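Note sheet for the following structure.
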Number of protein chains: 2
Amino acid sequence: MVDESSPAPAVAAKPAASLHEGLLVALRDFIVEGNLADGARVPERALCERFNISRTPLREALKVLAAEGLIELLPNRGARVRELSPEDVRELFDVMGGLEALAGRLACERISEAEFAEIERMHHDMYRFYLRRDMHGYFHCNQAIHLAIVAAAGNATLAATYASLAGRIRRVRYSANLAKDRDRWGEAMREHEAILDALRRRAGSELSDILFLHLRNKRKAAQASAG
Amino acid sequence: MVDESSPAPAVAAKPAASLHEGLLVALRDFIVEGNLADGARVPERALCERFNISRTPLREALKVLAAEGLIELLPNRGARVRELSPEDVRELFDVMGGLEALAGRLACERISEAEFAEIERMHHDMYRFYLRRDMHGYFHCNQAIHLAIVAAAGNATLAATYASLAGRIRRVRYSANLAKDRDRWGEAMREHEAILDALRRRAGSELSDILFLHLRNKRKAAQASAG
DNA sequence: CTTCCAAAAAATGAATGCAAAATGACAGAG
DNA sequence: CTCTGTCATTTTGCATTCATTTTTTGGAAG
């Protein structure tokens, strides 16, 4: 009879996935990856066959996904893939900006030199992609940097919240593609320079502002290209 | 046969609660209000009788509550009320601080004079409670102000995220009671003066800093009194 | 008296069955 | 030809049932 409160390492990661958790992940990916159209009904029966399970665990997973905001449950009318209105997208971008601003602030408080060096390295990689006009590589690097800042904040609750919102907005990510807006690309690169500079100086409040505005500008670019 | 996409007012509020949503709210309150001890097992069977439902809807609600972070699901070992470690509390306070910082920033962008006047009024009320040393009234007013700022941000996603975290931390709220720390009380009051001042000047970035630090100080006070 | 093992008892996770509501089709009236 | 009211089919929501795992209890050995 071991005491459970002290040795519990604050739910480290996901060592042992319960059977139904696998289904949840699979279903989440299935929806996030766009296998279902926006606003489409989520066919219970078809998904049961698709994943070889009965309706009970599927419906449980659906409830969780609804709580996460990925789908919406209409009483007696089943589940629908949640459509993101332009207003929703605006809200999501702002909240992600707020969370990144927080992450930057916290990261300044506790980031190690090694972690910073790693982010700096990624930044230089990204700059090379920028010079080469390699959009794909740039995009990948960009995301890695933002994620690294969130990770450097050392706050699992923040990371989880951030990940949840990121999942919700992923379906609309295409519109954030700035391939057609070369000016924005250069601006974003300059903003990232400022981010790295503030992080180097551990200027939390300043970095917080920069990150929020960075996301704001990203949102504006996305809105301009999409709307 | 009306078209559902255009006239849908973005899920107005909660006009008709689906049957099982009522259960979810009831169960959430039941747990948040502390009817179950920290870390205690959630007795499925007992709750079924308590709410007069079968296990299926209860388990669905449990899954949602687990996604919200209120309880945790151990594979084949049922649900437990999630214990908040000091680390969890630290994280939650910081994330709430980040969200309030964001709320303040957004509020500065879009708050109306009427909304500001309302917050100002609440602030003066709170000051009166402070002068009278009316802890209960002060506390109530304080919370209303913070909620009003979040509301003034005009971001439903932010409000929902904030509410979710607030629910998770509510069980540990007692420790934030600053009754024994008169110095902190005065400091908090001064911080609120600064909050109102920055909001009046629509100084978003500044208000953002103040709000985050306000929550930080609140956390420190809570930690000092609790630990 | 303590410790360890085994079997019973309980609880969890998942599947199936059933009643109610919604969706769609079809026929008749205007 | 269009609109409307009724009926059959599908689907949802919940209860019940079944299999597997865990927990507890009882007893025997050390």
Side-chain angles (χ1 to χ4, degrees), chain A residues 1-5 7-8 11 14-28 30-31 36-37 39-67 70-82, chain B residues 1-8 11 14-28 30-31 35-37 39-67 70-82:
Chain A
M1 194 71 69
V2 286
D3 176 45
E4 292 183 353
S5 53
V11 68
K14 304 193 167 144
S18 65
L19 167 60
H20 112 282
E21 190 153 342
L23 164 67
L24 220 175
V25 173
L27 224 173
R28 196 180 353 237
F30 187 81
I31 293 183
L36 262 37
R41 282 180 66 150
V42 179
E44 257 183 35
R45 189 164 169 66
L47 287 180
C48 286
E49 296 170 10
R50 172 79 175 68
F51 292 102
N52 280 329
I53 46 153
S54 96
R55 284 180 52 216
T56 306
L58 181 84
R59 285 172 53 73
E60 289 176 347
L62 250 37
K63 293 280 193 302
V64 173
L65 261 40
L70 221 77
I71 62 178
E72 51 189 345
L73 262 34
L74 284 68
N76 288 324
R77 242 172 285 169
R80 285 177 131 82
V81 177
R82 184 162 176 192
Chain B
M1 195 68 68
V2 285
D3 176 44
E4 291 184 354
S5 53
S6 53
V11 69
K14 306 194 165 139
S18 65
L19 168 61
H20 111 282
E21 189 153 340
L23 163 67
L24 220 174
V25 173
L27 225 174
R28 192 173 5 231
F30 187 81
I31 293 182
N35 297 71
L36 262 38
R41 281 181 66 149
V42 179
E44 258 184 34
R45 187 165 170 65
L47 287 179
C48 286
E49 295 170 10
R50 171 80 174 70
F51 292 102
N52 278 329
I53 45 154
S54 98
R55 283 180 55 218
T56 306
L58 182 85
R59 288 175 100 280
E60 289 177 348
L62 250 37
K63 293 280 193 306
V64 173
L65 261 39
L70 220 76
I71 62 177
E72 52 189 346
L73 262 34
L74 284 69
N76 288 323
R77 241 173 284 171
R80 284 177 133 81
V81 177
R82 184 162 177 193

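It should be emphasised that the depicted structure is a prediction, and the values quoted were computed from it without experimental measurement. Side chains included, hydrogens not; waters and symmetry mates left out as well; all remaining heavy atoms used.
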All N/O donor-acceptor pairs, side-chain side in residues 54-66 of chain A, below 3.5 Å, sequence neighbours left out:
unit_1, atom_1, unit_2, atom_2, d
A:Ser54, OG, A:Thr56, N, 3.3
A:Arg55, NE, A:Glu44, OE1, 2.9
A:Arg55, NH2, A:Glu44, OE1, 3.4
A:Arg59, NH1, A:Glu44, OE2, 3.0
A:Glu60, OE1, B:Lys63, NZ, 3.3
A:Glu60, OE2, B:Arg59, NH1, 2.7
A:Lys63, NZ, B:Glu60, OE1, 3.3

Heavy-atom closest pair, residues B:Val81 and B:Ala37: CB-O, 3.6 Å
Once you round to the nearest 0.5 Å, how far does CD1 of A:Ile71 lie from CD1 of A:Ile31? 5.0 Å
What's the CD-P distance between A:Glu44 and C:dA14, to the nearest Å? 16 Å
Using atom CZ of B:Arg41 as one end and atom C1' of D:dT24 as the other, report the distance to the nearest whole Å. 11 Å
Nearest whole Å is fine: how far is D:dC14 P from B:Leu24 CG? 11 Å
Could you grab the distance from atom CG of A:Leu23 to atom CZ of A:Phe51, nearest 0.5 Å is fine? 6.5 Å
In residues 49-61 of chain A, which ones come under 4.0 Å of DNA chain D, going by heavy atoms? A:Arg55, A:Arg59
In whole Å, what is the span from the CG atom of A:Leu62 to the C1' atom of D:dG13? 13 Å
Whole angstrom is fine here: how far is it from CG in A:Leu23 over to P in C:dA14? 8 Å
In whole Å, I'd like the distance from the CG atom of B:Leu74 to the P atom of D:dT23. 10 Å
Over how many whole Å does the gap from B:Leu73 atom CG to C:dA14 atom C1' extend? 14 Å
Any side-chain heavy atom of B:Val42 sitting closer than 4.5 Å to one from B:Arg80? no
Measure CG/A:Asn76 against C1'/D:dT12 and give the value in whole Å, please. 6 Å
Would you say that A:Leu70 contacts A:Arg28 through its side chain, given a criterion of any heavy-atom pair below 4.5 Å between the two side chains? yes
